[in-house]
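Following: one structure in C-alpha cells, then a few remarks.
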There are 2 protein chains.
Amino acid sequence: MKSPTLRSPRKQKGHGAERREEILDAALALFSEKGVHAVSTRQIAERSGISQPALYAYFATKDDMAAELCVRAFATLVERMCAARVRGAPTIENFERSLRVYVDFGVERPNAYRVAFMIEKSEHGAFLEKTGGRPMIAGLEAFEMFRDIVVEYQAAGLTVLDDPLLITQTLWAGLHGLVSLLIARPEFPWIEREALIAAHIAMLRRGALKA
Amino acid sequence: MKSPTLRSPRKQKGHGAERREEILDAALALFSEKGVHAVSTRQIAERSGISQPALYAYFATKDDMAAELCVRAFATLVERMCAARVRGAPTIENFERSLRVYVDFGVERPNAYRVAFMIEKSEHGAFLEKTGGRPMIAGLEAFEMFRDIVVEYQAAGLTVLDDPLLITQTLWAGLHGLVSLLIARPEFPWIEREALIAAHIAMLRRGALKA
DNA sequence: CCCAGCAATCTATCGCTGATAACTTATCAC
DNA sequence: GTGATAAGTTATCAGCGATAGATTGCTGGG
C-alpha cells in the first residue's frame, strides 16, 4: 500500500520520454507563473513529483529546460508566420498582419520570448554556451522567415529602402521593443493595449512601405 | 532630554558618504564589466576594501546599489534630452536628433538602461518593490521629457497622429527595441551599427511625422 | 523461481549566493 | 576616564544549482 502522505515514496521508473515531458510541463507552468529566474529546481522537482537531483538525469542544467521550452515555442512562431504568409499577396493589410503575428506570439508566450531575446549572456554566467545557443538559433529561424517576407514586399517595389536585411533588422527591432516592454513592464501606464499595438504596427508600416 | 543637535559625523576609515561613493564606484565598475547578475556582493566588498556585510550599512540590498547607479544615469539622460531640446526648433532633423540622444544613451550606459527597462520584477523576486521603483520613476521622468518633445511637434502640426501619449509610447517602444537588442544580443549578425541606428530612427520618423 | 546487472531515483552534500546577528573597535560628548 | 554610538568585523543563516554515492525496482539469463 502506498500512502500519499508518506514522505519518500520512491517514484517509479519514469518511462523515459514521458518523465521528461512531465518535467517540462511542470517547468512550463511554473515559469509562466513566476518567470524563469524566480523558479527553483526544487520547485520544479516537487511539482513533477520527483526529487530535485532526478531532474539532472533529463536536463544538464535548469537553463536547458527553459531552452527546450523556448525552442518548441519558436517552432510554433515559425509555423504561424509561415501560415500567415502563404495565404496573402503583398498588400499593406497583409504586411501589418504579418507584423501582428509576431507581436501576438510574444504577448501570448512571454516566457519563450524572454528566453530567446531578453535573457542576456551576462545575466546568468553563460546561458548561451550552456544551452548551445539553441534558443537563439530557433529565434534566428523566425528571423529568417521574417526576412523572406520582407523580400517579397521589396521585390514588389513596396519598400522605402532597398536592403532587405536593413529593413528586416529595423522592423524586428521595432516589434521587439513593443513586445519586450509589454512583457517586462506590464505595470507601466500604457494606453489601451489593442490601440497601442495597432498604432505601433501602423507606424512601422508607414516607415517601411511606400505610401 | 534629547538634544536635537546635529551630530558630528564619526567616521573611521571610510568617511561616511565617501565610503558610500567608494562602494558605488566599485559596483559600477564590476556591473559594467560583467553585468549586475554576474557580480556578487563579496566581489563588490573586496574591491571596496571592506567586508561583505559592511555593504549593508549603506545599501539595503544589492539591487539598491544598482538602483542608485541607475537613477544617476537617468538624470544624465534627462539632462541630455533637455539640452538637445532647447536648442532646436521642431524640424525633422531636430526630431531625429532627439531620438538619437535616447539611443546613444542606451548604448553608452547599457547597465543603467538594463536596470531601468530590461530587468524584470519576476527576475529577482521583487526588484521593483525592493528599490521602491526608483529606477522606474527616474525612467519615467525621461519618458515625460520625451512626451514634452512630442507635444511640440504635434502642436506644430507635424505628426501623423493626434494623441501625444500614443505617439510617445509607440516611438519609445521603437527606440527601446533597438537599444535593448543591441545591448542583449551584441553577437547577433547586425549590419553596421551606425547605418542600422540611422535607418531605424529614419523609419520611426517617417512613421510618426508627416512627409 | 532466483538473482545478477543496470538504470532510475534517492539521500546527503558541496560551494556559492544574498542577507542577518552578534560581537568588537574607533571616535565622540561630557 | 566613561558610556554611548557609529562602523567594522567574524560567524552564520537559508536557499540556490549542481554533484557523489548509496539504494531501490525492474528485467533478462539460468
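Chain naming here is simple, since letters A, B, ... match the order of the sequence lines and numbering starts at 1 in each.
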#### Entry: Arg20(B) CZ - dA6(D) C1' separation (whole Å)
16 Å

### Query
Can you find a side chain N or O atom of Ser51(B) that sits less than 4.0 Å from OP1 or OP2 on dG8(D)?
no

### Query
Under 3.5 Å, side chain of His200(B) to main-chain N/O of Gln169(A), donor-acceptor pair present?
no

### Task
Hey, could you give me the OG1/CD1 distance between Thr170(A) and Ile191(B), rounded to the nearest 0.5 Å?
6.5 Å

### Task
Would you kindly give the NE2-to-C1' distance between His37(B) and dG18(C), to the nearest whole Å?
12 Å

Hey, can you pull the donor-acceptor pairs under 3.5 Å for the side chains in residues 66-83 of chain B, sequence neighbours left out?
residue	atom	partner	partner atom	Å
Glu68(B)	OE1	Arg20(B)	NH2	2.8
Glu68(B)	OE2	Arg72(B)	NE	3.1
Glu68(B)	OE2	Arg72(B)	NH2	3.3
Arg72(B)	NH1	Glu21(B)	OE1	3.1
Arg72(B)	NH2	Glu21(B)	OE2	2.9
Thr76(B)	OG1	Ala73(B)	O	2.6
Arg80(B)	NH1	Glu108(B)	OE1	3.4
Arg80(B)	NH2	Glu108(B)	OE1	3.0

For nucleotides 12-16 of chain D, which of its nitrogen or oxygen atoms have a protein nitrogen or oxygen under 3.5 Å away, and what is each distance?
residue	atom	partner	partner atom	Å
dC16(D)	OP1	Ser40(A)	OG	3.3

### Query
Using 30° and 60° as the class limits, which term best fits the ring planes of His176(A) and Tyr113(A): parallel, tilted or perpendicular?
parallel

### Task
Select one nucleotide: of dA18(D), dT11(C), dT20(C), the one nearest the side-chain heavy atoms of Thr61(A).
dA18(D)

### Task
Examine distances only and state if a side-chain atom of Tyr153(A) and a backbone atom of Leu209(A) form a donor-acceptor pair shorter than 3.5 Å.
no

#### Entry: Side chain Ser48(A), main chain Ile50(A), donor-acceptor under 3.5 Å
no

### Query
Using a cut-off of less than 4.0 Å, is there contact between a side-chain N or O of Tyr58(B) and OP1 or OP2 of dG8(D)?
yes

## Note on the structure
To the nearest angstrom, the CG-P distance between Asp64(B) and dT20(C) comes to 11 Å

### Query
Whole Å only: how far is the NZ atom of Lys34(B) from the P atom of dT17(C)?
10 Å

### Message
Applying a 4.0 Å non-hydrogen cut-off, can you work out what Ala57(A) is touching in the nucleic acid: base, sugar-phosphate, or nothing?
### Response
nothing

